[in-house]
Amino acid sequence: MMNIRDSLSVPILKYSLIGNGKPLILLHGFGLNRHIWDPICGLLQKQCQCISPDLRGQGESDVPEGIYTMKVMAEDILRLMDKLQLEKAFIAGHSMGGYVALSLAKDHPDRLDGIGLIASHARADTDEKRAGRIHDMEQVKLHGSVILAESLGPRLTKDANLVEAMKTIILSTDPKGIEMAGLGMAERQDCMEVLRNFHKPVLVVAGAEDMIVPLTASQEAAEAAPLGKLVVIPDTGHMPMLEAPNVLAEAFQHFI
Ligand code: MLT
């Protein structure tokens with residue numbers, strides 16, 4: 001039986017669902033929301049059933065208490081799959097969403113047809129990065145989502161209009177959701193061994209100009225996975241789904 005505390009900690013996730021075909025679950029990155037995938041869902045709707053949730057604490061999903069570890073967010077996605085009666089799906093994650101996909105590859109490979117790491121990678125934070133992240137999350141707690149909008153926004157892409165659009169999304173994200181997801185990322189483990197042991201397709205997509213995830217990190221992730229494939233998109237930063245949607249949609253089409 002579920003007690004009150006348990007029911008409070010299980011958030012309701014807002015999600016979009018469009019199209020018919022193989023289930024493709026698309027997870028957005030840190031401080032963003034499901035709408036970053038809208039162009040991809042539009043392009044793939046004839047081949048795939050595209051499901052894009054807002055992760056807990058982001059977008060229009062509930063903002064529960066506690067740190068949002070990658071495992072906790074992965075369990076939210078499993079619950080969503082159960083609700084939609086999906087035994088398996090291809091799960092692609094953008095940046096932090098990719099860390100969530102890796103957590104599923106570690107603990108629930110049977111529920112996956114494969115994973116996509118879109119501008120993402122499999123390494124844990126270095127000690128320095130972790131300390132910086134924890135400091136930044138203290139600033140978010142004190143001053144709000146504007147801290148992340150100003151620090152992350154300009155590093156997402158060189159396209160000024162897109163930077164403004166992403167800052168608007170981050171500013172609308174609950175600061176508590178940002179803080180808890182940031183602290184969750186700080187706790188995550190190295191997943192290179194997970195990739196080595198995951199014998200299902202792994203699509204790694206990198207923007208050649210990504211200012212957040214270095215190309216070498218994408219390359220090593222694709223090489224570690226026995227069925228890994230790397231697609232590098234030129235003139236593209238951390239947001240390939242919005243900077244180069246046609247190229248990314250084609251990569252998905254070939255892969256899924
Ligand atoms: C993201 O875009 O999801 C984050 O920047 C990833 C990270 O900070 O590691």
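Numbering of ligands and ligand atoms starts at 1, following listing order.
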| request: State whether Asp127 and Arg130 are salt-bridged, where the test is any N-O pair (Lys NZ or Arg NE/NH1/NH2 against Asp/Glu carboxylate O) under 4.0 Å. | output: yes
| Have Ser95 and His238 got a donor and an acceptor in their side chains that come within less than 3.5 Å? | yes
Enumerate, one pair per line, all nitrogen or oxygen atoms of ligand 1 lying under 3.5 Å from a protein nitrogen or oxygen, stating the separation to 0.1 Å; write 'none' if no such pair exists.
from	atom 1	to	atom 2	distance (Å)
ligand 1	2 (O)	Ser95	OG	2.9
ligand 1	2 (O)	His238	NE2	2.9
ligand 1	3 (O)	Phe30	N	2.8
ligand 1	3 (O)	Ser95	OG	3.1
ligand 1	3 (O)	Met96	N	2.9
ligand 1	8 (O)	Arg133	NH1	2.9
ligand 1	8 (O)	Arg133	NH2	3.3
ligand 1	9 (O)	Tyr99	OH	2.6
ligand 1	9 (O)	Arg133	NH2	2.8

| field | Ionic contact status for Asp125 with Arg188, cut-off 4.0 Å | value | yes
| In terms of side-chain heavy atoms, does Glu243 have a donor or acceptor partner in Thr236 at a distance below 3.5 Å? | no
| N-O pairing of Asp113 and Lys22 below 4.0 Å | no
Please output the side-chain donor-acceptor pairs of residues 249-256 that fall under 3.5 Å, not counting sequence neighbours, one pair per line with the distance.
from	atom 1	to	atom 2	distance (Å)
Gln253	NE2	Gln47	OE1	3.0
His254	ND1	Glu250	O	3.4

